[in-house]
Amino acid sequence: MPSDAEGAVHARWDAARCFHAEPSAPGETYAIFIPPPNVTAALHLGHAFNNSLQDLLTRYHRMQGANTLWMPGTDHAGIATQTVVEKRLLLQGKKRTDFTREAFVEKVQEWKDEYEATILGQLKGMGCSCDFDRTRFTMDETCATAVRHAFFTLFKDGLVYRGKRLVNWDPVTQTALADDEVEMEEVDGSFWYLKYPLADGSGHITVATTRPETMLGDTAVAVNAKDPRAAALRGKKLRLPIVGREIPIVEDDYVVMPASLGGDPADPKAQFATGFLKVTPAHDPNDWDIGQRHNVAAINVMAPDGSISDRHGWLDVSAEAKQFVGLSREEARKRIVAWFKQNGLLEEVKPYRHSVGHSYRSHVPVEPYLSDQWYVRVTDDRLRGTALRAMAKDQVEGALESSVASGPAMAGDGELRFFPARYAKNFQMWHENIRDWCISRQLWWGHRIPVWTKRGEASMLASNMGALASLDPSHTVVRAARVVDGAEVALSALPAASGEHDLHVCLLDDTQGGMLESLGFKRDPDVLDTWFSSALWPLSTLGWPDPSKWPEMAGLLDRYNPSSVLCTAREIITLWVSRMVMFNRYFLGRLPFKHVFIHAMIQDGHGQKMSKSLGNGVDPRDIIHSHGSDAMRFTLVSMATNTQDVRLPVDMVCPHTSETFTPKWITTSAGYTVADAIQPSPKDASKKMVSGFGAATGVATPTAEIPLARNTSARFDLGRNFANKLWNATRFALSNLSQADAASQPAPLTLLDRWMLARLELASRAYGAAVAEYEFHRVAEALYDLVWRDFCDWYLEGIKPTVRSNATQQAVLAASLDAILRMLHPVCPFVTETLWSNVQGLAKGSVDGVALQPSALCATAAWPRFAASLRDEKALAEFARVQALVDAIRKVRGERQVSPKRRIALLAGESVRALIASSGGVVETMAGLESVGASPAARPATAVAIPFEGSEVLLDGLVDAVDAGAENARLSKLIADREKQASGMRAKLENEAYIAKAPPALVEETRKKLAEVDADIAAAKQALAALAT
RNA sequence: GGGCGCUUAGCUCAGUUGGUUAGAGCACCGCCAUUACACGGCGGUGGUCGCAGGUUCGAGUCCUGCAGCGCUCACCA
């Protein structure tokens, strides 16, 4: 079987170093940066899909003579990896904080080493032709240098700033999350209607909230100015229950009025709104905005762990409020609601189902939390503007905003193109609405932020300025921030003359860190968002900013950046694609890649995205085990269409019996359908196994008795059968060639040979066009048709009687086989490489118009070149007639259940006989003909008639005696089919509008076709009549 | 709620600028151990192209509306 040889093939590729990129080598540049997989877990079929396509592109262009680089590597995936490791430690009863930072990072490093090795092994197992010598990791020294340089540069250029913002805070992992890291989940909650008394005792208003615990931080209540009640309340104050704080009533048109008071009844908010909105600037993003507009304070009432706290900005804690301090947010909610109820201030409670942001890692509700974070000012034209201007003009919807369009020109403007084109819109809309990017993360695993900070009075800090001034200015940037009430206000070049300040020092490298620390500066404990280093991937992997630092990287940056194409999934157009474009353009003034190809998503059999976190991912090694790597690749490529996500029903393989079976499905709490963690063996329920879901989520751990079950899917049979077909066809062709008659003579090319060469030429062009448009399923289709339909079904079958004595045909066969292996190689590298040496050694002579450069390895072979002269339209047309005739005869044979062994006589008119003669024996071979003769004057009693191209063809000897009933049925059905066709065409031709408006050539064709169908009907009717006599 | 995509044979999917009998693989039915391959060969059954309108000589394809599914952004009083 083909898959057996995969390991040996690898060794040969490695020995020849055929995937190693040399920047000084000739050829057009073709480069791809792998989207670095996270080191959190092993790859699944989604990665296999993505990488199969990248490998196809890389191998195809390598064979076209390009100087190719496929850069491999992995991503440290900050939050994700740290969380995975923390979870594992938790199973051992340990917490992250039980370790020192260094010791913990060491633990994560071990995890990373294990999975990085697994991932690289998987890539090799899939046959990926990456330049593994250049493998990078987003936290290795090379990448770290790039990250450090990038941060320093942005800091120096004023594009990194310290911001006080409401961030998405995960109270469990105690880190800020990017918007994209927040998952919305539907939860059953309540609306609590709370009464707030007016300060003057003249009554109360009612606010509606889903988060009553935040009321401790309320600093205003807002009402819409159009609300009829607003005027009477203007200038009044409220007494905040529990806290006793006096808070203003502000007017803001953000507030939705209740439907009963003129609010839009179509707005669901109008249904439950009271018209009064409690304003908690420190705990809600919209309230933050309202607070800014009305200049009310933001009071933070929570600690970083989400508990109520009086130590993080809440000063006016009343005696009554003290009881809530220290409670968890969940507990505080219950107790505060109870307080309102006890005090007669709870007006109503309504059940309410709504979506709440959850941490995509810890899965707890995200808390909007006020904190100091580092931001990249991506809204600056130097970042956002350059990204928008990079877009291909014809892919921009509408026009770019004038301020963007008029921005400074740069190389690469208008050259970024998306495939399929519709994804350009995602990219554009993201940048048009982009917000500054929060890049600090409260983690230990990642690139530590290179900023040292000291807080103090301006006078005290001034004494440090002298020491700072002595530092190398090209390695040091100093910024100061005024501190008011413990919070930073704004960054500036220098501290003001007086007042408390934070002095921030950004260093390009660590050498002066110790000096700063001796002055009392502390290094920022946070790390950078993972996407910060990912955004630099096309730069960092090539040694930017200074490739000369690493000898083996010389020349890489200039040669391979910009790269050719980025192949990725649509979900990270914003997270990753955007940021690479902005950074690459900002730092290098170039595009990171010219094309962005967005491929479909792999879903499981239930239409759910295959993902690590869901635990429904299938390990490609499982499919390689059941079907082989080439089979997996071919199938994945054939599924790569541009519109449809790929749905892949998954089965399990019992490790005890090797049976394939459908697992027992369960529904998770989040509503997903997954394979139950422990499954019984299908024939023996006492034997158990662990599903991929069980292992991936840690619900079950495989043991010797309860082993992990592999997955498989019948979808891959397609590729397995195809690889098998190629294998056998090659064996057959080789045996024919090796047993060729010594006395073989050259002969003119037969119709079949000319047809085969024309099909090869056609397939090669179709292939190239499909690759150029990233329509990969068309590549698989072209190969499938070429190998199976054309080469195996027609060519190999057709040449059986002649090839051993025809030296020219032997050469065509050898050349066809050689070309097929080359063309198939980018999709099925293993089987083609395995067969390669056998086919290369044939020496059967050349074929005019076919250029097949010799090569020791298929992987480094040149793409076959076909001269335009092989594009033989006449041979294609004529052979199509041959196929139609053979099909017609086979159809009768099939319908009448005639043994393939039975030879028959064909009697026909001159044109059919001429066609058969021109086929060079193909019709006789393929249709099982014993003889071909002229139509007789009198029809033999045993003859069966078929219409072909408007005339009657008789098949004699097909049956011992004509079964009049069966024959009648066959001909009647044939006539009915043809008449249905004819009536459609006749109706068209009788329609004057059709004659007048349709293109004349089409009308003429309809007439011709109708005449032929009519002639077929006449011939069949004649046969039917003859049957009756 | 905005944006994008999808809905075609029992299943998974193709179907290029509107054009004549809507295709493939699997599954299913029949025939075949023919000397490459049963992971095979030959033949066959199977579709009112989600629904309703419209444009057109002609609609799976273009337009409008509706329904369902998926992704994504936003909201999340």
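Fair warning: this is a prediction, and the values are worked out from it, not measured in the lab. In what follows, chains are A, B, ... by sequence order, proteins preceding strands, each numbered from 1.
When only modelled atom types and interatomic distance are considered, N616(A) and D604(A) share a side-chain donor-acceptor pair under 3.5 Å. Between the side chains of N286(A) and Y254(A), a donor-acceptor pair is found at a separation under 3.5 Å. For the 3.5 Å distance criterion, the side chains of R804(A) and N736(A) qualify, holding a donor opposite an acceptor. Between the side chains of H599(A) and T568(A), no donor N or O sits under 3.5 Å from an acceptor N or O.
Candidate nucleotides G43(B), A77(B), G3(B) were compared by shortest atom distance to the side chain of R890(A), and G43(B) ranks first. Comparing A77(B), A36(B), C57(B) by their closest approach to the side chain of A993(A) singles out C57(B). Listed nucleotides C71(B), C32(B), C57(B) differ in distance to P900(A); the shortest reach to its side chain belongs to C32(B). Proximity note for E1005(A) (side chain, C-beta onward) versus C57(B), C4(B), U20(B): the nearest is U20(B). When the nucleotides C75(B), U20(B), A36(B) are ranked by their closest atom to the side chain of M985(A), U20(B) comes out on top. Which of A77(B), C4(B), A36(B) sits closest to the side chain of R422(A) comes down to C4(B). Here the side chain of D887(A) is nearest to one of A36(B), A77(B), G43(B), namely G43(B).
Considering only heavy atoms from C-beta on, E347(A) comes within 4.5 Å of K195(A) through its side chain.
Nucleic acid contact class of Y193(A) (heavy atoms, under 4.0 Å, all strands): none. When heavy atoms are screened at a 4.0 angstrom cut-off, V892(A) is found touching no nucleic acid atom at all. Across all strands, T1006(A) comes closer than 4.0 Å to base atoms (heavy-atom distances). R978(A) comes within contact range of no nucleotide atom at all, as no heavy-atom separation falls under 4.0 Å. Within 4.0 Å of K350(A), counting heavy atoms only, lies no atom of the nucleic acid at all. Using a 4.0 Å heavy-atom cutoff across all strands shown, N736(A) reaches no nucleic acid atom at all. Backbone-only engagement by F191(A) is indicated by non-hydrogen atom pairs under 4.0 Å involving sugar-phosphate atoms exclusively.
Rounded to whole Å, the distance from CG on D651(A) to C1' on U12(B) is 14 Å. Separating the CZ atom of F791(A) from the P atom of G41(B) is a distance of 14 Å, rounded to the nearest angstrom. Atom CD of E797(A) and atom P of G41(B) are 9 Å apart (whole Å). If you take CE of M429(A) and P of U72(B), they are 15 Å apart, rounded to a whole angstrom. Here the P atom of nucleotide C73(B) and the CZ atom of R435(A) are 12 Å apart, to the nearest Å. At whole-Å resolution of the value, CG in D289(A) and P in A77(B) are 13 Å apart. Atom CG of L885(A) is separated from atom C1' of G43(B) by 16 Å (rounded to the nearest Å). Separating the CZ atom of R903(A) from the P atom of U34(B) is a distance of 13 Å, rounded to the nearest angstrom.
On the C1' atoms, G68(B) is 49 Å away from A36(B), given to the nearest whole Å. Between U64(B) and U55(B), the distance separating the two C1' atoms is 11 Å to the nearest Å. Taking the P atom of each, A14(B) and A9(B) are spaced 12 Å apart, rounded to whole Å. With both ends at atom C1', the span from G43(B) to C51(B) equals 37 Å, rounded to whole Å. Distance check on atom C1': G47(B) versus A24(B) gives 14 Å, rounded to whole Å. Nucleotides G58(B) and A67(B) are separated by 30 Å at their P atoms, to the nearest Å. Going from the P atom of G3(B) to that of A74(B) covers 15 Å, rounded to whole Å. As rounded to the nearest Å, C4(B) and G40(B) have C1' atoms that lie 44 Å from one another.
Between R778(A) and E781(A) there is no salt bridge, since none of the side-chain N atoms of the basic residue sits less than 4.0 Å from a carboxylate O of the acidic one. Using a 4.0 Å cut-off between charged side-chain N and carboxylate O, K1009(A) and D1014(A) make no salt bridge. Under a 4.0 Å N-O distance rule, the pair E930(A)/R903(A) does not qualify as a salt bridge. Salt-bridge annotation for D785(A) and R789(A): absent, with no side-chain N of the basic residue lying under 4.0 Å from a carboxylate O of the acidic one.
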Restricting both atoms to N or O, compile the protein contacts to nucleotides 22-28 of chain B shorter than 3.5 Å, with distance only.
unit_1, atom_1, unit_2, atom_2, d
G25(B), OP1, R789(A), NH1, 3.0

Please list, for nucleotides 14-19 of chain B, all pairs of protein and nucleotide N/O atoms separated by less than 3.5 Å.
unit_1, atom_1, unit_2, atom_2, d
A14(B), OP1, T641(A), OG1, 2.4
A14(B), OP1, T643(A), OG1, 3.4

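The aromatic rings of Y352(A) and F191(A) lie tilted to each other, with the angle between the two planes from 30° to 60°.
Here D977(A) pairs with K973(A) under the side chain to side chain contact (heavy atoms under 4.5 Å, CB included) rule; sequence neighbours left out. Checked against salt bridge (charged side-chain N to carboxylate O under 4.0 Å, His left out), E367(A) has the following partners two or more places apart in sequence or in another chain: R211(A), R329(A).
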* Asked: Which dot-bracket notation, 5' to 3', represents the base pairing of RNA chain B when pairs are defined as Watson-Crick or G-U with both distances under 3.5 Å, crossing pairs as [ ], and inter-strand pairs as |?
  -> (((((((..((((.....[...)))).(((((.......))))).....(((((..]....))))))))))))....
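Map A982(A) and A729(A) each onto its nearest nucleotide of RNA chain B; the residue landing nearer the 5' end is A982(A).
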Could you pull out all donor-acceptor pairs under 3.5 Å where a side-chain atom in residues 215-223 of chain A meets a protein atom, sequence neighbours excluded?
unit_1, atom_1, unit_2, atom_2, d
D218(A), OD1, K278(A), NZ, 3.1
D218(A), OD1, T280(A), OG1, 2.6
D218(A), OD2, Y196(A), OH, 2.6
T219(A), OG1, A297(A), O, 2.8

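Taken to the nearest 0.5 Å, the CG atom of N642(A) stands 10.0 Å off from the CZ atom of F419(A).
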* Audit row: M601(A), K609(A), side chain to side chain contact (heavy atoms under 4.5 Å, CB included) steps and yes/no -> CA-CA 7 Å; M601(A) 198 113 72; K609(A) 177 182 156 189; 3.8 Å; yes
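Below the 3.5 angstrom threshold, one finds a donor paired with an acceptor across the side chain of K725(A) and the base of C37(B).
Contact annotation: T209(A) does not reach the phosphate of A77(B) (side-chain N/O to OP1 or OP2, under 4.0 Å).
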